[in-house]
Amino acid sequence: MLEDIANLFIAELTRTTIPLSEIALRLALAAALAGVLGFEREVAGRPAGLRTHMLVSLAAATFTIGALELLHWTDGLQESSAKVDPARA
């Protein structure tokens, strides 16, 4: 039972329009670039340092990837009356 649920979850997780390697690269790049900014702020003794910048950038990148996936998912819908705006995800 649990194995079937796990297999279904893995099958759904890998069914994306953006390859998983690109998603991982985008998340890693967001964390690395935010880490540079956060490290600079932490060295200067300012609030919102390394951890904060990395967490916020990862959340923003994850949200953006989810919005792009939603946009690609709605492209496959047949003549739906719903209009999708990726900025309003």
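Here the structure is a predicted model, which is why all the values come from computation and not from measurement. Side chains included, hydrogens not; waters and symmetry mates left out as well; all remaining heavy atoms used.
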Item to check | Hydrophobic cluster (4.5 angstrom, side-chain heavy atoms) - remaining members for L37 | outcome: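 For L37, no cluster forms, as it stays isolated from other hydrophobic side chains.
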Item to check | Transitive ILVMFWY cluster of V56, excluding itself - 4.5 Å side-chain cut-off | outcome: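 Answer for V56: none, a lone residue.
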Measuring from [X]:[atom1] to [Y]:[atom2], what's the distance to the nearest 0.5 Å?
X: E40; Y: R46; atom1: CD; atom2: CZ; result: 6.0 Å
X: L68; Y: R26; atom1: CG; atom2: CZ; result: 6.0 Å
X: N7; Y: L2; atom1: CG; atom2: CG; result: 11.0 Å
X: I23; Y: T17; atom1: CD1; atom2: OG1; result: 7.5 Å

Item to check | Path from L25 to L20 over hydrophobic side-chain contacts below 4.5 Å | outcome: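 Per the 4.5 Å side-chain linkage, L25 and L20 are not co-clustered.
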Checklist entry - With the 4.5 Å side-chain cut-off for hydrophobic clustering, are L27 and I18 part of the same group? => result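 Yes, L27 and I18 fall within the same hydrophobic cluster.
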Least distance between heavy atoms, [X] atom then [Y] atom:
X: H53; Y: A34; answer: O-CB, 3.4 Å
X: G35; Y: L50; answer: O-CD1, 3.2 Å
X: A61; Y: A30; answer: CB-CB, 3.9 Å

Item to check | Side-chain touch T16/I65, heavy atoms, less than 4.5 angstrom | outcome: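 Not touching, per the 4.5 Å side-chain cut-off.
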Checklist entry - Does the side chain of L33 reach to within under 4.5 Å of the side chain of L29, using non-hydrogen atoms? => result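 The answer is yes; the side chains approach within 4.5 Å.
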Item to check | R41 side-chain N/O to P47 backbone N/O, donor-acceptor pair under 3.5 Å | outcome: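 Between the backbone of P47 and the side chain of R41 there is a qualifying donor-acceptor contact (under 3.5 Å).
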